[in-house]
K.L.:
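Shown below is the structure under consideration.
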Amino acid sequence: MPELPEVETVRRTLEPRILGRQVAVACLRRKDICEPLAGSKRTPEHMLQGSTIVGTMRHGKQLAIYADHGQVVCVHLGMSGVLSWTTSLPKFTAADHAHAWWRFDDGSAMVFADPRRFGGLWLAPDLPTLRREKWGTLGIDGLMVYGHALHREAGQSERNVKAALLDQKVVAGVGNIYADEALFASGIAPTRACLTLSEADWDRLAASIRRVLGDAIEAGGSTLRDYRDANGAKGSHQTRHAVYGRGGEACLTCRGVLTQATLGQRTTVWCKQCQK
DNA sequence: CTTATGACCTGATAGC
DNA sequence: TGCTATCAGGTCATAA
């Protein structure tokens, strides 16, 4: 579900709620959604219990919350994950799929819920360990990507450019919505093999990725179903999608019919007239 | 090494 | 009303 703009919106709405708060109790209700990285264990202390939150950080679709004793909790939301903050700890039912929670010194709480369990938590003793063990394989963050990085990571590839954009090793944070939106904005057909793109194509694509992601952050992300920010609010960017979810409808540029097909295992929408 | 494909899960919705 | 099929903001493991 959430791509970079949704995760960044969660980060921005969550951080002011939890910064400086001490974790009174941390609880992992479902052990199998949490993986300890080297030097960490699945204990409340390694989930920040007893420590004070000093910062948050995001790379691609991954969100790290770190505390004054160094420990880090890395959250990945998968397709249906929600990380929310509430003024008090709710009473959970099985239908909530609340797999972990943290209660702070002022009684407020942070909850990780994820019905489909494609997401999860990773624990690390410090940020360098997280970067090395978990974030090391990710490409450059989508907000900072430039043409030369895309060209270097995917320029020789025979696969289509849509599949490359979904590959987090190429660029971190782009998912199915924003891949289609960025390709439309740069006039590049998703079916094009990577090695047929020129340097100018990669430059335009990188600029489109940065702009599409930035615009979506300004709108608070795209809420199609599950996604909410840390306060439970929906995003509004879904009303601005030019192609995603609009297969068979009219292209906003040429009024032709938008094509829909499966590429890179995902539903893909584009305009054959405007994207070459 | 690269690339394609099925697998992993639950819930919402559409169609019968 | 209920059943079944299909689809969904994502990644893995596996095999070719």
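Chain naming here is simple, since letters A, B, ... match the order of the sequence lines and numbering starts at 1 in each.
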K.L.:
Please confirm whether any donor atom in the side chain of A/Arg116 sits under 3.5 Å from an acceptor in the base of B/dC9, or the reverse.
P.N.:
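When only heavy-atom distances are counted, A/Arg116 does reach the base of B/dC9 through a donor-acceptor pair under 3.5 Å.
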
K.L.:
Quiz question: by atom type and distance under 3.5 Å, do the side chains of A/Ser80 and A/Asp114 form a donor-acceptor pair?
P.N.:
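A/Asp114 and A/Ser80 do have a side-chain donor-acceptor pair below 3.5 Å.
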
K.L.:
Given B/dT2, is OP1 or OP2 found less than 4.0 Å from the side-chain N or O atoms of A/Lys169?
P.N.:
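The answer is no; no side-chain N or O of A/Lys169 sits under 4.0 Å from OP1 or OP2.
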
K.L.:
Please tell me which of A/Arg159 and A/Arg225 maps to the more 5' nucleotide of DNA chain B, matching each residue to the nucleotide holding its nearest heavy atom.
P.N.:
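Whichever sits nearer the 5' end wins; that is A/Arg159.
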
K.L.:
Report yes or no: is the cationic atom of A/Arg210 (NZ for Lys, CZ for Arg) closer than 6.0 Å to the six-membered ring centre of A/Tyr146, at no more than 45° off its axis?
P.N.:
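Yes, cation above the ring, under 6.0 Å and within 45°.
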
K.L.:
Any side-chain N or O of A/His97 under 4.0 Å from OP1/OP2 of B/dG11?
P.N.:
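So the side-chain polar atoms of A/His97 do come within 4.0 Å of the phosphate oxygens OP1 or OP2 of B/dG11, strictly under.
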
K.L.:
Just call it for A/Tyr178: base, sugar-phosphate, or nothing, with non-hydrogen atoms closer than 4.0 Å on any strand.
P.N.:
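The residue A/Tyr178 makes no contact with any strand.
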
K.L.:
Please determine if A/Arg58 and A/Asp141 form a salt bridge, counting it only when a charged side-chain N lies under 4.0 Å from a carboxylate O.
P.N.:
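Salt bridge between A/Arg58 and A/Asp141, a charged N being under 4.0 Å from a carboxylate O: yes.
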
K.L.:
Determine the contact category for A/Gln265: base if any of its heavy atoms lies under 4.0 Å from a base atom, sugar-phosphate if only primed atoms, P, OP1 or OP2 are that close, otherwise nothing.
P.N.:
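Counting heavy atoms under 4.0 Å across all strands, the contact made by A/Gln265 includes a base.
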
K.L.:
From B/dC8, C/dA8, C/dT11, pick the nucleotide closest to the side chain of A/Gln168?
P.N.:
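Closest of the options to the side chain of A/Gln168: C/dT11.
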
K.L.:
Using a cut-off of strictly less than 4.0 Å, decide whether A/Ser157 has a side-chain nitrogen or oxygen near OP1 or OP2 of B/dT3.
P.N.:
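For A/Ser157, the contact criterion (side-chain N or O under 4.0 Å from OP1 or OP2 of B/dT3) is met.
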
K.L.:
Compare the minimum distances between each of C/dT11, B/dG11, C/dC12 and the side chain of A/Pro115, then state the nucleotide with the smallest one.
P.N.:
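Of all the options, the side chain of A/Pro115 is nearest to B/dG11.
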
K.L.:
Can you find a side chain N or O atom of A/His76 that sits less than 4.0 Å from OP1 or OP2 on C/dT11?
P.N.:
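It does, given that an N or O in the side chain of A/His76 lies less than 4.0 Å from OP1 or OP2 of C/dT11.
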
K.L.:
When the P atoms of C/dT6 and B/dG6 are compared, how many Å lie between them, rounded to an integer?
P.N.:
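Approximately 14 Å lies between the P atom of B/dG6 and that of C/dT6.
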
K.L.:
Do NZ/NE/NH1/NH2 and the carboxylate oxygens of A/Asp201 and A/Arg192 come within less than 4.0 Å?
P.N.:
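So A/Asp201 pairs with A/Arg192 through a salt bridge.
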
K.L.:
What interatomic distance, in whole Å, is found between P of B/dC9 and the corresponding atom of C/dT14?
P.N.:
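So the two P atoms sit 14 Å from each other.
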
K.L.:
May I ask you to say what A/Lys234 touches in the nucleic acid, namely base, sugar-phosphate or nothing, with a heavy-atom cut-off under 4.0 Å?
P.N.:
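Nothing: the residue A/Lys234, judged by heavy atoms under 4.0 Å, touches no strand.
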
K.L.:
Can you identify which nucleotide, out of C/dT11, B/dT3, B/dC9, has its nearest atom closest to the A/Phe118 side chain?
P.N.:
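For the A/Phe118 side chain, the nearest candidate turns out to be B/dC9.
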
